[in-house]
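I have placed the structure first, in the form of structure tokens, so that the comments after it can refer back to it.
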Amino acid sequence: MGKIVKPGRIVVMLSGRFAGRKAVVISANDAGSKERQFAHALVAGISKPPKKITKKMSKKVMERRARIRSFLQYVNYNHVMPTRYSVSSSDLDPKGLVAGVDLKDKEQKKECKNKIRDTFQELIVTPSQKGEKVSKEPSKEVVFFRRRLRF
């Protein structure tokens, strides 16, 4: 059977603090490691998505409501559900988000989370929400990542 959880795959978190949130797999480890002796993946996702923006809102309110909050976490494969969507390298480079970062160091992890937040902000908050004309439509993967889960 082939690998399902690969870098770039969009997954849904099933348990824990971020249950029900969508995330992108940064790196996958099928065999486990010395620290985590189970199959796990490093995922980056959105813990607080942008809120709806209307025409009457002021610029300041629009900027505040368009902000997102990200997370970066190691997760057991049992606690994620892979979807059929995977983000292409033209939209988002998963390996480049955490390249050369020691995630045990709190300061480096915080900087990495800010970098991920900025990347997701560009990817998800479209120019149409900022009040500009849209030149191209986002891919279906980005649209899925942006959309709210409906159960």
Would you tell me whether D30 and Y77 have side-chain atoms, one donor and one acceptor, within less than 3.5 Å of each other? yes
Could you label the plane-to-plane angle of the Y85 and F144 rings as parallel, tilted or perpendicular, counting under 30° as parallel and over 60° as perpendicular? parallel
Whether S86 side chain and G8 backbone form a donor-acceptor pair below 3.5 Å: no
Is the shortest side-chain heavy-atom distance between V12 and M81 below 4.5 Å? yes
Using a 3.5 Å distance criterion without hydrogens, assess whether the side chain of R21 forms a donor-acceptor pair with backbone atoms of S47. yes
When hydrophobic residues are tied together by side-chain contacts of less than 4.5 Å, even through go-betweens, does L14 share a cluster with V5? no
In Å and rounded to the nearest 0.5 Å, what is the NE2 to CZ distance from H79 to F38? 7.5 Å
Contact check, side chains of S27 and L42, non-hydrogen atoms, under 4.5 Å: yes
Does atom CZ (R36) have a neighbourhood of more than 12 heavy atoms from anything else shown, all under 6.0 Å? yes
Ignoring hydrogens and geometry, is there a side-chain-to-backbone donor-acceptor pair from T83 to I10 under 3.5 Å? yes
Side chain to side chain contact (heavy atoms under 4.5 Å, CB included) between V75 and M13, worked out: CA-CA 9 Å; V75 182; M13 307 292 285; 3.4 Å; yes
What closest approach, in Å, do K115 and T119 show between heavy atoms, and which atom pair accounts for it? O-OG1, 2.8 Å
Would you say the side chain of V43 lies within less than 4.5 Å of the side chain of I26, judging by non-hydrogen atoms? no
Would you say I68 and V24 are hydrophobically clustered, going by side-chain heavy atoms of ILVMFWY under 4.5 Å? yes
Can you check whether K52's main-chain N or O pairs, donor with acceptor, with R65's side chain at less than 3.5 Å? yes
Hey, does K59 have a side-chain heavy atom less than 4.5 Å from the side chain of E63? yes
Can you tell whether the side chains of E35 and K104 come within less than 4.0 Å, N to carboxylate O? yes
How many angstroms lie between NZ in K109 and CG in D105, if you round to the nearest 0.5 Å? 11.0 Å
Judged by atom type as modelled, is there a donor-acceptor pair below 3.5 Å linking the side chain of Q121 to the main-chain atoms of A66? yes
Over all heavy atoms of both residues, which pair between I116 and L72 is shortest? Give the atoms and the distance, please. CD1-CD1, 3.7 Å
Give, for atom CD of Q73 and atom CZ of F18, the distance between the pair rounded to the nearest 0.5 Å. 5.5 Å
Verify, without hydrogens or angle tests, whether R9 (side chain) and P82 (backbone) share a donor-acceptor contact under 3.5 angstrom. no
Would you compute the distance between atom NZ of K56 and atom CE of M62 and round it to the nearest 0.5 angstrom? 11.5 Å
Can you tell me how far the OG atom of S15 sits from the CG atom of N76, to the nearest 0.5 Å? 8.5 Å
